[in-house]
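Written out below as structure tokens is the structure these notes cover.
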Amino acid sequence: MDNSMSIGVIGAGTMGIGIAQVAAEAGHKVIVFDTRKEALDKAVAGLRGLMDKLVAKEKRTRADAEALLGRISTAENLEQLAPCGLVIEAIVENLGVKQDVFKKLDTLVAADAVLATNTSSLSVTAIAAACSRPERVIGLHFFNPAPLMPLVEVVPGLATAAELGQQCIALMRDWGKTPVLCKDTPGFIVNRVARPFYGESLRMYEEGIADMPAIDAALRGVGFRMGPFELMDLIGNDINFAVTKSVWEAFFYEPRYKPSLTQQRQVESGRLGRKTGRGFHAYGEGAGAISQEVPKNADAIVERVLAMLINEAADALFLRVASKEDIDLAMTKGVNYPKGLLAWADEKGATHWLAVLEKLQARTGEERYRPSPLLREHAETGTLFHV
Ligand SMILES: NC(=O)c1ccc[n+]([C@@H]2O[C@H](COP(=O)([O-])OP(=O)(O)OC[C@H]3O[C@@H](n4cnc5c(N)ncnc54)[C@H](O)[C@@H]3O)[C@@H](O)[C@H]2O)c1
């Protein structure tokens, strides 16, 4: 896979056009297809607008911007993607619809072309099963906005050819991205390991440990760019709730990922976040400033969220979802965590984090605080995750 190969992108929404830009920046010819002509027009106009702004700010030359735009063309039917060596699908998150597209693609492209999905929550293996050659299907999970976020989770399915993972890692590096290799498991690395950032914060609010602005301030205080409630408002409570619910269901109702009733009520009331002007916080005119005051119990708040995040990272490592290096890279490069969670765990040692979890489990009797066997092992042996 080199940059003489044409790249196909299916879906000209938020992710599709971002991925098209990344591939074109790397020198590829890119063909973007969407079933809605207006989506294609809007995406191309948006990219042109972005290039105009960058030229105006002297961040790139006009010639450079035109060359980039010149490498991206649009297609009115899927057949026009036939010459592509790699096709990346970024359409609606629906297994049946994705399988239909992959089934058609399978017969269109060359036998050695690679078919990738940008799915966030579906099984790559299930999507690949729609193809006659599932060995050339892989997950390439970009983060939003794709041109700015470095992380790409590279996810081979059960039937993916052994060498394709490494080939895609090399290609993503050529594209200037930070790829990590992970198993085809629900939420991959980031959307699995990050669940407690939201879930445990919601839980602490429910227990009356602190109010939402205080929990946000406490976590910002240790280097998270945004607190959990402001971040849920930015992502959209409907989206964040749906991701949590899908990870929980996909893990056969694992109690550690149980969604929050507080967030469900928020969604039911239409308080979706910034996009509706009201979420956990209020936005826009007359909303008043959100308190930035760091609460007195900030340390306890941070410890509880961190213990849960570290436990998730340890458990992902225990279950060989990815290497320890990739688990830490994923959280710093995909969601801007200030440090990798396993490196963070090492600062106080596994014994400390195990004690936080055991105390919570003893108090509540709940499975959600069940320590990962690997965290326990590191506590018992006194060893670090990163040696
Ligand atoms: N938005 C994110 O933050 C984000 C991040 C990572 C991954 N993803 C994943 O990327 C994918 C796309 O998400 P998005 O946010 O860009 O969606 P979006 O709604 O912005 O865009 C989807 C586009 O796909 C088009 N489409 C739908 N069905 C199609 C079909 N059968 N053939 C061709 N085009 C079709 C739609 O017209 C639309 O323009 C999803 O799988 C999502 O889970 C999203």
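Quantities reported herein were computed from a predicted structural model and do not represent experimental measurements. Computed from heavy atoms alone, side chains included, the values below leave out hydrogens, waters and symmetry copies.
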Item to complete: Any pair with a residue in residues 39-52 that passes side chain to side chain donor-acceptor pair (under 3.5 Å), sequence neighbours left out, goes on the list, sorted by first then second residue, please.
Response: Lys37-Asp41, Arg48-Glu66, Asp52-Arg62
Practice prompt. For residues 81-100, pull every pair meeting salt bridge (Lys or Arg N to Asp or Glu O under 4.0 Å), keeping only residues two or more places apart or in separate chains.
Written response: Glu89-Lys98, Glu93-Lys98
Worksheet item: Is Glu312 reaching over with its side chain to a backbone N or O of Leu309, donor-acceptor style, under 3.5 angstrom?
Response: no
Worksheet item: Under 3.5 Å, side chain of Asp315 to main-chain N/O of Ser372, donor-acceptor pair present?
Response: no
Worksheet item: Can you name the salt bridge (charged side-chain N to carboxylate O under 4.0 Å, His left out) partners of Glu79, sequence neighbours left out?
Response: none
Fill in: Pair Asp233, Tyr283: side-chain N/O donor-acceptor within cut-off below 3.5 Å
yes
Discussion item. Are there over 12 heavy-atom neighbours, none belonging to Lys177, within less than 6.0 Å of that residue's NZ?
Written reply: yes
Worksheet entry | From CD1 (Ile31) to CG (Leu78), nearest 0.5 Å | 11.0 Å
Worksheet item: Is the shortest distance from a Lys or Arg side-chain nitrogen in Glu254 or Arg370 to a carboxylate oxygen in the other one below 4.0 Å?
Response: yes
Worksheet item: Can you name the residues that form a side chain to side chain donor-acceptor pair (under 3.5 Å) with Trp175, not counting sequence neighbours?
Response: His28
Worksheet item: In chain order, what residues pass the salt bridge (charged side-chain N to carboxylate O under 4.0 Å, His left out) check against Asp184, with sequence neighbours excluded?
Response: none
Pair up each side-chain donor or acceptor in residues 143-164 with any protein partner under 3.5 Å, not counting sequence neighbours, and list the distances.
unit_1: Glu153; atom_1: OE1; unit_2: His141; atom_2: ND1; d: 2.9
unit_1: Glu153; atom_1: OE2; unit_2: Ile189; atom_2: N; d: 3.1
unit_1: Glu153; atom_1: OE2; unit_2: Val190; atom_2: N; d: 2.8
unit_1: Thr160; atom_1: OG1; unit_2: Val137; atom_2: O; d: 2.7
unit_1: Thr160; atom_1: OG1; unit_2: Gly157; atom_2: N; d: 2.7
unit_1: Thr160; atom_1: OG1; unit_2: Gly157; atom_2: O; d: 3.3

Discussion item. Could you check, using the six-membered ring where one of them is a Trp, whether Phe224 and Trp344 have ring centers closer than 6.0 angstrom?
Written reply: yes
Worksheet, complete the sentence: Rounded to the nearest 0.5 angstrom, the OG1-NE2 distance for Thr383 and His378 is 4.5 Å
Item to complete: Write down the atom of Asp216, the atom of Glu230, and the distance for their closest heavy-atom approach.
Response: OD2-N, 3.2 Å
Worksheet item: What salt bridge (Lys or Arg N to Asp or Glu O under 4.0 Å) pairs are there with at least one residue in residues 274-284, not counting sequence neighbours?
Response: Asp238-Lys275
Fill in: Same apolar cluster: Val294 and Ile301, side chain cutoff 4.5 Å
no
Practice prompt. Mind jotting down which residue pairs meet the salt bridge (Lys or Arg N to Asp or Glu O under 4.0 Å) criterion with at least one end in residues 13-33? Sequence neighbours excluded, please.
Written response: Glu25-Arg60
Worksheet entry | Ring centers of Tyr198, Phe229 separated by less than 6.0 Å | no
Discussion item. Treating Arg195 as the side-chain partner and Asn191 as the backbone partner, does any N or O pair qualify as donor plus acceptor under 3.5 Å?
Written reply: yes
Worksheet entry | Where at least one partner belongs to residues 338-348, residue pairs that pass salt bridge (Lys or Arg N to Asp or Glu O under 4.0 Å), sequence neighbours excluded | Glu303-Lys348, Lys339-Glu347
Discussion item. Who clusters with Val55? Use side-chain heavy atoms, under 4.5 angstrom, across I, L, V, M, F, W and Y, and order the result by chain and number.
Written reply: none
Worksheet item: What residues, two or more places apart in sequence or in another chain, satisfy ring pair (Phe, Tyr, Trp, His ring centres under 6.0 Å) together with Phe241?
Response: none
Worksheet item: Should Glu200 and Arg203 count as an ion pair when the cut-off is N to O under 4.0 Å?
Response: no
Worksheet, complete the sentence: Across all chains, not counting sequence neighbours, the side chain to side chain donor-acceptor pair (under 3.5 Å) partners of Glu135 are none
